[in-house]
Amino acid sequence: MSSIAEIHDSGLNLFQNLIPKTALLIFPSTVNNNLLKGKKFKLTKISASSLGASRIKNVENNYSNETVVITIANSLLLDTKDTTNTVNCPLYGFKDNSVIVNYKNKNYIIKEELINEFDSSISLICDAKS
């Protein structure tokens, strides 16, 4: 029987040629954690999708049509170090630290951070507009 992580990885492999393989998480110099100040984490094997039209239209959420949902397996985060190979990537707290997500050569802010305990991943709902 396959584990959820194995199923997740096999599903991602099917789409690797259709989506960009990387996203860059950039911690600003204003974060409280000195270890993470200005650090960049290059993530591979991400899953990206758009947000449903009904949710974009929800005035409370205030999303634009440039909203993207980036899902990252916890196992990938655990195996990722920053670009200087000195600091491990955290598993959560990206929104609270005002992390910038660079995806498809465009910078996004994180509007929501959802921890998916069922499949051991995190979903970042990102928008190009604040």
Listed partners of N107 passing side chain to side chain donor-acceptor pair (under 3.5 Å), at least two apart: N102
Residues which pass side chain to side chain contact (heavy atoms under 4.5 Å, CB included) with S29, listed by chain and number, not counting sequence neighbours: none
Listed once per pair and sorted, the ring pair (Phe, Tyr, Trp, His ring centres under 6.0 Å) pairs that draw on residues 68-91, sequence neighbours left out: none
Residues that N85 engages under side chain to side chain donor-acceptor pair (under 3.5 Å), provided they are two or more places apart: none
Partner set under side chain to side chain contact (heavy atoms under 4.5 Å, CB included) for N33, not counting sequence neighbours: L35, L36
Any residue meeting salt bridge (charged side-chain N to carboxylate O under 4.0 Å, His left out) with K95, in chain and number order, not counting sequence neighbours: none
Partners meeting side chain to side chain contact (heavy atoms under 4.5 Å, CB included) with N97 (sequence neighbours left out): F27, V31, V99
Exercise: do T44 and T22 side chains pair donor with acceptor under 3.5 Å: no
Those residues that, when tested against D79, pass side chain to side chain donor-acceptor pair (under 3.5 Å) (two or more places apart): none
Polar contact flag, side-chain donor to acceptor under 3.5 angstrom, N88-T80: no
Those residues that, when tested against Y108, pass ring-ring contact (aromatic ring centres under 6.0 Å, His included) (two or more places apart): none
For F94, all residues meeting ring-ring contact (aromatic ring centres under 6.0 Å, His included), sequence neighbours excluded: none
Pairing residues for K42 by the side chain to side chain donor-acceptor pair (under 3.5 Å) criterion, not counting sequence neighbours: none
Shortest non-hydrogen contact between E66 and A128, atoms and distance: OE1-CB, 3.5 Å
For S120, all residues meeting side chain to side chain contact (heavy atoms under 4.5 Å, CB included), sequence neighbours excluded: N74
